[in-house]
A.B. asks: 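There's a structure below that I have some questions on.
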Amino acid sequence: MAERTLAYFMRETAKNQDIVEVPGIDSIRDEKGDVVPFKIKMLTKKDIDDIYDKYRKRVLVRDDKGKPVFNRGQAVFDTTTDSNKALRRIIVEALVYPDLHNKELMDYFDCYEFAEMPLKVFPNPKEYDQVANIVLSTIGILDEDEDDESEVQEAKN
């Protein structure tokens, strides 16, 4: 039997986050009238999980009298995730251009919360949905063939 090597799994693409350029949205054009392209960083599964973890919180479950609920001697917790904010943060972290971390851009919109920047820069619901779809499709959360609105909404939730 031939000796198996792990070299197949030692890929540079697994260590590096590529940046790809994709067409932007029709409503944002340069001085020549061309659609301004986006540059998107290919986030890893770990990056995405870390973002969701930041917007997940555990709350101690209490009964009607305000006392903690226990099950088999363990306190019971309710875990919730603000998936809308997590999705917006994924958009912020994935977009290299426009850079939604940019202080000048944040000052312009008087916004100091990264997760709110996509709502400020793309305030029109149609624009926001297009940007979300472009980013999520590019980084692999949505299949490119899935442009059905209900599937975008499902990914947001």
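Keep in mind the model is a prediction, meaning the values are calculated, not measured.
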A.B. asks: Determine, for D50 against K54, whether the closest basic-nitrogen to carboxylate-oxygen distance falls under 4.0 angstrom.
C.D. replies: no
A.B. asks: Ignoring hydrogens and geometry, is there a side-chain-to-backbone donor-acceptor pair from D47 to T44 under 3.5 Å?
C.D. replies: yes
A.B. asks: Rounded at 0.5 Å granularity, tell me how far NZ in K67 sits from NZ in K65.
C.D. replies: 6.5 Å
A.B. asks: Less than 4.5 Å apart, any side-chain heavy atom of I141 and any of L43?
C.D. replies: no
A.B. asks: Under a 4.5 Å cut-off applied to non-hydrogen side-chain atoms, are L95 and I40 in contact?
C.D. replies: yes
A.B. asks: Are V22 and I90 connected into the same hydrophobic cluster when the rule is that any two of I, L, V, M, F, W, Y join if their side-chain heavy atoms are below 4.5 Å apart?
C.D. replies: yes
A.B. asks: When clusters are formed by joining ILVMFWY residues with side-chain heavy atoms under 4.5 Å apart, either directly or through shared neighbours, do V36 and I19 land in the same one?
C.D. replies: no
A.B. asks: Any chance you could measure L87, atom CG, to Y52, atom OH, to the nearest 0.5 Å?
C.D. replies: 5.5 Å
A.B. asks: For the residue pair A75 and F70, what are the closest heavy atoms and their distance?
C.D. replies: N-CD2, 3.5 Å
A.B. asks: For I91 and V135, which heavy atoms make the closest approach, and how far apart are they?
C.D. replies: CA-CG1, 4.2 Å
A.B. asks: Side chains of R88 and Y55: does their closest heavy-atom pair fall under 4.5 Å?
C.D. replies: no
A.B. asks: As an exercise, state the distance from OG of S27 to NZ of K126, rounded to the nearest 0.5 Å.
C.D. replies: 8.5 Å
A.B. asks: Heavy-atom count check: over 12 atoms from other residues, nucleotides or ligands less than 6.0 Å from Y112 OH?
C.D. replies: yes
A.B. asks: Does a side-chain heavy-atom distance below 4.5 Å link F122 with I25?
C.D. replies: yes
A.B. asks: Consider only side-chain heavy atoms of I, L, V, M, F, W and Y, link residues closer than 4.5 Å, and tell whether Y108 and M117 are in one cluster.
C.D. replies: yes
A.B. asks: Would you compute the distance between atom CZ of R58 and atom OG1 of T81 and round it to the nearest 0.5 angstrom?
C.D. replies: 12.0 Å
A.B. asks: With a 4.0 Å cut-off on N to O distance, would you call E93 and R89 a salt bridge?
C.D. replies: yes
A.B. asks: Could you tell me which non-hydrogen atom of L100 sits nearest to which non-hydrogen atom of L105, and how far apart they are?
C.D. replies: CD2-CD2, 3.9 Å
A.B. asks: At what distance, to the nearest 0.5 angstrom, does CG of D99 lie from NZ of K39?
C.D. replies: 11.5 Å
A.B. asks: Is any side-chain heavy atom of I48 closer than 4.5 Å to a side-chain heavy atom of I139?
C.D. replies: yes
A.B. asks: Are V59 and F77 linked, directly or through intermediate hydrophobic residues, by side-chain heavy-atom contacts shorter than 4.5 Å (ILVMFWY only)?
C.D. replies: no
A.B. asks: Please give me the minimum heavy-atom distance between Y97 and P37, naming the atom from each residue.
C.D. replies: CD2-O, 3.5 Å
A.B. asks: Grab the two heavy atoms, one from F114 and one from M106, that are nearest each other, plus how far apart they are.
C.D. replies: CE2-SD, 3.6 Å
A.B. asks: Can you list the steps and then say if D53 with R56 is a salt bridge (charged side-chain N to carboxylate O under 4.0 Å, His left out)?
C.D. replies: CA-CA 5 Å; D53 286 345; R56 184 174 294 125; 2.3 Å; yes
A.B. asks: Identify the two heavy atoms, one from K85 and one from A115, that lie closest to each other, and give their separation to 0.1 Å.
C.D. replies: O-CB, 3.9 Å
A.B. asks: Is there a side-chain contact between P123 and F109 in this structure, where contact means two heavy atoms from C-beta onward sitting under 4.5 Å apart?
C.D. replies: no
